[in-house]
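What follows is a single structure, written as structure tokens, with notes after it.
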Amino acid sequence: MALEFKLGKATRDAYGEALVEVGQEHKNVVVLDSDLSKSTKSIEFAKKFPERFVNCGISEANMIGMAAGFVGSGMIPFASSFASFIMCKGFDQIRMSVANPHLNVKLVGSHSGISLGEDGASQQSIEDIGLACSLPQMTVLVPCDETSTKSLTHLMAKHEGPVYLRTGRPKAATIYKDGDTFEIGKAKLLRDGKDVTVIAIGLLVIEALIAADQLEAEGISVRVVDMFCVKPIDIDMIAKCAKETGAIITAEEHLIGAGLSGHVAQVVAQTTPVPMEYIGIDDTYAESGKPDELLDKYGLRAKNIVDAIHKVLKRK
Amino acid sequence: MSAETLTKKLSVDELIKEAVTVRRDIIEMIAHANSGHPGGSLSATEIVTALYFNILNHDPKNPHWEDRDRFILSKGHACPVLYSCMARTGYFPVEELKTFRAINSRIQGHPEVRKLPGIEASTGSLGQGLSIGIGLALGAKLQGKNYRTYVLTGDGELDEGQVWESALCAGHKALDNLVAIVDSNKFQLDGAVKDIMPLASLPDKWNAFGWNVIEIEDGNNMQQVVDAFEKAETVKGKPTVIIANTIKGKGVSYMENNNEFHGAAPTPEQLAQALKELV
Ligand SMILES: Cc1ncc(C[n+]2csc(CCOP(=O)(O)OP(=O)(O)O)c2C)c(N)n1
């Protein structure tokens, strides 16, 4: 019997809707985009508050600098583009104009991972979490569904300091209910288990839940944690899971090493060394294809998590 | 045998016919993949067709030939026009165009050097092509090679600061073996260039950076396009930019100046309509 779940909105769509609410609530929010507002969904804000929306054209580096300046003027800037362009093209500007002075700039990267599909490797973002996490005191949020995206969009508006939010193109499975609350630095335990923990983010959260469900039939009890806040990472939760389940799998739509896996492994090694396996993109660029085909080909599915669990349990 | 004899140069009349075939390929590829960027591929059809079938000194059977002219599609999303011209000049079988954007294909959603021989630069992140073109052109000069380098950019793409860093550098280095072509179709992604980030006088801007400027009134007129490329070859001591005033979506009535087709595929009915028009 397969786990049943409903598909909700894409996280980018949820972001666009929440951004309008944020704009209503905070009169000093200004939104910037680099000629991708139709794709990032910042266009929803532009329609509602055209006077507080700035289309910077295709100039990501310039946009980041402008966002930094808006902070100095007393506003709260939300700047968006594709994840690959905002992080890679804007990186030095994020480093020097935003992270170094620790400014209250909100960065949003849509079309993250490989699930954007047919556009191929140049648009797919598999490095952005690594880049964002490499910056001192940057908060890095990776929501997995509509509800968490909306909550986190509101949360980042209230939070003081630089934040990066990563959204995606495809419809996302519904994981949370209305009213669920989120806190920066606190992971969400989605399913308890005692043999192994899967720590997942984004689209891999539902895959982890499917894997856990399948393995229950085999008598393997799998804990699933949504590490939606990759930075600051929830050290206590990771240490507790390592201690109580004795093995950890990370699962993410990102390069292995640079993203979630490396940050979790660091905590595990320091607090409670246990065997680990990693699900993610393995040192390669991906390619064009349908989102589902790509997730299959690059091993980002429940069945890959199941295999990794079998492997890690042998090492326990 | 020299490569020049391997690629037959087409006349303007023949190029005009070839451009119809290329446009049909573009629409069919995008419809088949159900994704891709028709608008900016169609606006650039005369430019890329003229290059591959007449201007470039290249050898499709030997894509790594070291003295080949180089072409970089800096506005990588327009790759359907490039793939069609490459297939039709013999780089790979025309049949393979059907695999555009499909998994395991060499015909990627944006050009990828490591996937397809003949692609000179991996593009898709706008703004980078001209810098690579400078390296190719300056490298030719430093080594006494005679090949020429051509880089096609969009007008929206000119928003990127890197374009102007490279413009300054190419002017300074007096790279008369480098030609930039601006596909000035007046639209970018979110809307019209004049609304998103107006470019004011493009000829003045490039002039000020030390470039020889050729503006063509109608960049979808094959004769004007070929003439501009031929004129550029005679210019010494400066890089040349060809500012081609084109129509986004050119050749398919419902796509012309309709930015909804910047990055959207035609439906099966729209495909049929387009193929009826493109004869
Ligand atoms: C660095 C970067 N930012 C954003 C995009 C997304 N994008 C793809 S095409 C496009 C508009 C390009 O406009 P233009 O250069 O005028 O091309 P054309 O209208 O000829 O298609 C944008 C913003 C991108 N590919 N690269």
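Convention: sequence-line order gives letters A, B, ...; per-chain numbering from 1. Owing to the predicted nature of the structure, the values given are computational and were not obtained by experimental measurement.
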>> Quick check on A/Ile43 against chain B: is it the side chain, the backbone, both or neither that has a heavy atom closer than 4.5 Å?
In response: neither
>> I'd like to check the side-chain hydrogen bond (donor to acceptor under 3.5 Å, both in side chains) partners of B/Gln273; sequence neighbours left out, ordered by chain and number.
In response: B/Glu277
> Measuring heavy-atom distances to chain B, does A/Ala121 have an atom under 4.5 Å in its side chain, in its backbone, in both, or in neither?
Replying inline: both
> Sequence neighbours excluded, which residues qualify as ring-ring contact (aromatic ring centres under 6.0 Å, His included) partners of B/Phe92?
Replying inline: none
> Under a 4.5 Å heavy-atom cut-off, does chain B meet the side chain of A/Cys88, its backbone, both or neither?
Replying inline: neither
> Nearest 0.5 Å, what's the CD1-CD1 distance between A/Ile58 and B/Ile196?
Replying inline: 9.0 Å
>> Once ring-ring contact (aromatic ring centres under 6.0 Å, His included) is applied, what residue pairs with a partner in residues 181-202 of chain B remain, sequence neighbours excluded?
In response: none
Quick one: donor-acceptor pairs between chain B and chain A, under 3.5 Å, side chains and backbone, table format.
| unit_1 | atom_1 | unit_2 | atom_2 | d |
| --- | --- | --- | --- | --- |
| B/Arg101 | NH1 | A/Asp119 | OD1 | 3.0 |
| B/Arg101 | NH2 | A/Asp119 | OD1 | 2.8 |
| B/Asn104 | N | A/Glu287 | OE1 | 2.8 |
| B/Asn104 | OD1 | A/Lys297 | NZ | 2.4 |
| B/Gln108 | OE1 | A/Ser288 | N | 2.8 |
| B/Gln108 | OE1 | A/Ser288 | OG | 3.3 |
| B/Gly109 | N | A/Ser288 | OG | 2.7 |
| B/His110 | ND1 | A/Asp119 | O | 2.8 |
| B/His110 | NE2 | A/Gln123 | NE2 | 3.4 |
| B/Gly124 | O | A/Gln123 | NE2 | 2.8 |
| B/Leu126 | O | A/Lys89 | NZ | 2.6 |
| B/Asp159 | OD2 | A/Ile58 | N | 2.9 |
| B/Glu160 | N | A/Ile58 | O | 3.3 |
| B/Gln188 | NE2 | A/Asp35 | OD2 | 3.1 |
| B/Leu189 | N | A/Asp35 | OD1 | 3.4 |
| B/Leu189 | N | A/Asp35 | OD2 | 3.0 |
| B/Leu189 | O | A/Lys38 | NZ | 3.3 |
| B/Asp190 | N | A/Asp35 | OD1 | 2.7 |
| B/Asp190 | OD1 | A/Ser37 | N | 3.3 |
| B/Asp190 | OD1 | A/Ser37 | OG | 3.1 |
| B/Asp190 | OD1 | A/Lys38 | N | 3.2 |
| B/Asp190 | OD2 | A/Leu36 | N | 3.2 |
| B/Asp190 | OD2 | A/Ser37 | N | 2.9 |
| B/Asp190 | OD2 | A/Ser37 | OG | 3.0 |
| B/Asp190 | OD2 | A/Asn55 | ND2 | 3.0 |

